[in-house]
Amino acid sequence: MDIEQSVDGGVAVLSPSGRLNMVAAPQLKKTVDASVADGLARIVVDLSGVEFIDSSGLGALIGGLKTARQASGDLRIAGAGEQVRTVLGLTNLDRILKPYADVTEARHGW
Amino acid sequence: MADRTTHRHTQHEAQTTSGRGKILALRVVAVLSLAAGTWYVFWRWVWSVNWDNWWIAVPLVVAETYALIDGYLFAITIWRLKRRGQAPPPPEDATVDVFITTYNEPVDLVMTTALAAKAIDHPHETYILDDGNRPEMRAAADAAGIGYLTRGRDWEGHTRHAKAGNLNNAMFETYGEFLLILDADQIPKPEILDRTLGWFRDPDMALVQTPQWFSNVTESDPLGSQAPLFYGPIQQGKDGWNAAFFCGSNAVIRREALMRLGIQEYVAEVDAAVRKALRTSGRILDRSRRQMRKVDPTAAAAVAEVRAAVDLALQRLDAGDPVADVTYDVQETVRAASRSVVSDDLAEIRADLASIGVDLGEDVGIETDPRTGIPLVEDQILDELTTRDYSPLGALDAVGRIMRAVDVTRSDEAQPVMPMATVSVTEDMATCMRLHAAGWKSAYHHEILATGLAPEDLGTMLKQRLRWAQGTLQVLLRENPLTKKGLKAGQRLMYFATMWSYLAGFSALAFLFAPIFYLLFGALPVHAWGLTFVTFFTPYFLLNQLLFLIVGYGVKTWRGHQYSLAMFPVWIKACVTAAANVWFGRELGFIVTPKVSVGGRRRFPVRLVWPQLTVLVLLVASVVVGVVKLWTGSALTVIGVGVNTAWVAYDIIVLSVIIQAGLYRGPGSEDRSEKVEATV
């Protein structure tokens with residue numbers, strides 16, 4: 001899986017594409033960790049390129065959220081497609097993490 | 001030898017599809033037995049209880065009722081006995097991680113299992129999950145080209161959750177679609193995956209459990225290690241209700257099922273903990289604001305600001321706003337308010353900080369239950385905090401700490417997502433019940449595909465059984481299967497049946513002491529030990545025996561029967577300690593096993609089984625006294641002494657297993673029993 005990275009006004013935007021499943025999850029988590037280590041603790045994960053996510057993918061998002069929060073930062077998700085929203089609902093994770101429409105909306109309030 | 005013949009037997013059974021006749025016979029005998037039992041117990045309650053001696057009469061009739069309910073649950077269990085036969089071929093391209101969990105077992109023992117695991121036919125990755133973090137274990141794994149995982153730095157200073165924590169840690173380091181879980185001593189056969197993976201063609205299948213069979217057990221098995229009734233009719237029966245149990249080892253799990261469970265639990269835990277902390281923060285802030293309104297207006301304003309944010313946060317949560325956003329905003333408000341107070345008076349703050357530093361630890365109000373690792377916002381601590389006389393910044397700082405502690409990060413735990421349940425020391429049962437409640441399926445595949453090592457001495461065995469019983473009862477008390485959301489009626493009963501069976505210790509007391517009291521003191525629990533009793537009791541007893549004869553055809557069920565009575569002190573201890581643990585937060589406690597002398601000479605472990613020995617002595621003495629009394633013509637009747645002597649004889653035969661067990665010396669060496677202690 002490819003993860004595109006960009007930095008915009010102190011916010012790191014990570015854009016994985018393809019399948020965010022058990023094979024790709026550790027890679028996403030490592031990318032988040034690296035961003036926080038570089039001092040970019042405010043992170044938006046742009047899921048618009050993700051066609052499939054499983055619970056391991058969600059686990060990586062939660063792990064990333066923890067890393068960011070521990071550095072007084074935050075992690076938000078944006079651009080979730082239908083399959084991603086379904087899985088978020090199935091696990092109730094949308095009770096914790098709000099799927100923002102896009103990166104701009106996700107950055108609101110930072 | 002026993003191992004091999006049984007293997008053939010189960011394989012043969014797995015391949016036959018017949019057995020309709022046996023099921024029918026089982027059902028007929030079960031119905032007859034329960035009818036006779038119900039009639040008998042009804043007669044006992046309504047006509048035969050001797051209320052003059054209620055102190056023994058009532059316990060006895062309650063114990064008999066308990067046994068009858070146990071009979072009903074057993075009948076329901078075997079009613080839909082499911083023989084699965086062979087699995088379809090494995091799903092195409094299934095990826096598998098084999099996990100071998102170890103803590104302190106000898107490296108050789110672990111490597112024997114690991115090499116056998118590496119040689120499994122189906123493509124897979126093999127990992128040793130070493131909770132002992134031993135360099136020599138790592139070296140051996142590396143040399144054999146086997147994966148080696150230990151806990152990372154995240155776990156420092158956190159509850160480790162034993163085996164559940166070990167597995168949870170490994171889940172985030174690996175990525176196979178299916179997980180084969182093996183205890184360090186469970187040597188797998190090469191075909192284990194090819195034989196079981198096929199059940200996962202059902203997309204709802206979460207778990208396939210295979211039997212646990214022990215190779216170091218003699219034919220007579222005095223410690224009752226083999227559990228042929230459980231790894232057979234009982235599991236097959238539970239399977240019929242889609243409630244086959246996960247037993248911690250020799251099982252294949254679908255990662256997605258476990259991970260989804262972990263996410264769902266994470267959401268539930270975080271939501272509850274955040275609400276609780278917000279409410280407590282509100283109380284702290286109210287007090288603080290009242291106290292400083294006149295003293296320090298600036299700080300009072302800051303506190304009011306945070307107080308408003310807390311209220312808003314609770315409202316937003318009720319309105320369905322995501323917890324991450326809500327907590328982030330509160331944290332931001334607390335940070336800003338703290339800064340405004342800080343800049344206001346630096347000197348005062350230094351004093352504040354010093355006093356806080358003395359009074360408060362790092363994790364105010366949030367503790368992890370040391371036995372189960374459940375994150376707890378301790379009411380006592382939180383209440384104490386709210387009554388304390390805090391200075392303005394003190395209040396803000398306390399809130400800040402609480403907010404950090406119950407943030408969406410679950411900072412009280414090493415990792416936010418814990419797929420394997422940690423509410424009980426038997427994480428397997430708790431996890432399995434949650435999987436079933438979430439709508440997943442499980443399967444029991446009745447074919448021995450791994451063989452392990454059982455405890456070889458009484459002390460270790462008792463310790464292990466106590467642990468199982470405690471864990472099962474923890475699950476009952478924390479997540480009652482009768483009320484847990486999501487379970488089907490049959491599943492509720494299957495979990496409850498196992499939990500119910502662990503209450504046997506109390507009924508055993510009545511069954512053991514009723515004849516003693518009669519023979520020693522003439523205390524009659526029933527109106528008469530006459531022919532009426534015999535005619536009511538005999539059909540029930542015989543039909544019940546017949547039922548077990550059919551269910552247990554070809555396997556030995558007698559040891560299990562003996563131990564359900566003979567281990568009464570263990571069962572009672574488990575009930576008392578599990579209740580004290582769940583309700584009052586006490587330690588679970590354990591059995592202290594006697595030290596073994598260097599030469600290997602062990603004395604009979606009187607200290608472990610003194611209650612049973614005492615009862616045995618009383619049983620024998622009571623018969624002697626009863627016969628003497630009869631002979632000297634006191635109040636006892638011939639039929640009364642006859643019935644009670646037969647009863648005593650049965651009790652003695654059943655209890656005697658504990659003496660055999662105490663004298664038993666396993667064929668293995670010391671390091672083997674060391675292994676078993678680690679896995680319990």
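Order of the sequence lines fixes the chain letters, A, B, ..., with proteins taken first and strands second; residue numbering starts at 1 for each chain. Heavy atoms only: backbone and side chains are in, while hydrogens, waters and symmetry mates are out. It should be emphasised that the depicted structure is a prediction, and the values quoted were computed from it without experimental measurement.
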Give a yes or no on this: more than 12 heavy atoms of other residues, nucleotides or ligands lie within 6.0 Å of atom CG of D2(A). no
Under 4.5 Å from a heavy atom of chain B, the part of L90(A) involved: both
When rounded to the nearest 0.5 angstrom, what is the spacing between CG in L58(A) and OH in Y266(B)? 11.0 Å
Only one of T91(A), N92(A), L61(A) passes side-chain contact (heavy atoms from CB on, under 4.5 Å) with I263(B); say which it is. T91(A)
May I have all residue pairs that pass salt bridge (Lys or Arg N to Asp or Glu O under 4.0 Å) and include part of residues 80-106 of chain A, sequence neighbours excluded? R95(A)-D271(B)
If you count heavy-atom pairs within less than 4.5 Å of chain B, which of G59(A), G109(A), S56(A) leads? S56(A)
To the nearest 0.5 Å, what is the distance between CD (Q70(A)) and OG (S411(B))? 7.5 Å
Proximity breakdown for D154(B) and chain A, heavy-atom pairs closer than 4.5 Å: neither
Give a yes or no on whether the backbone of A324(B) and the side-chain of R76(A) come within a donor-acceptor separation of less than 3.5 Å. no
First locate atom CG of D74(A), then atom CG of D407(B), and finally report the distance between them rounded to the nearest 0.5 Å. 8.5 Å
For chain A, the option from Q264(B), E256(B), R255(B) that forms the most heavy-atom pairs under 4.5 Å: E256(B)
Region of L317(B) in contact with chain A, defined by heavy-atom distances below 4.5 Å: both
Can you tell me if CG on D318(B) sees more than 12 non-hydrogen neighbours from other groups inside 6.0 Å? yes
Calculate, to the nearest 0.5 Å, the distance between atoms CZ and CG belonging to R260(B) and L93(A) respectively. 12.5 Å
Among D325(B), D321(B), V417(B), T174(B), which has the most heavy-atom pairs under 4.5 Å with chain A? D325(B)
Determine the option with the most heavy-atom pairs under 4.5 angstrom with chain A, choosing from M171(B), E177(B), M259(B). M259(B)
Between M22(A) and Y175(B), which heavy-atom pair has the shortest distance, and what is it? O-CB, 3.0 Å
Heavy-atom pair with the smallest gap, counting every atom of K66(A) and A414(B): NZ-O, 3.0 Å
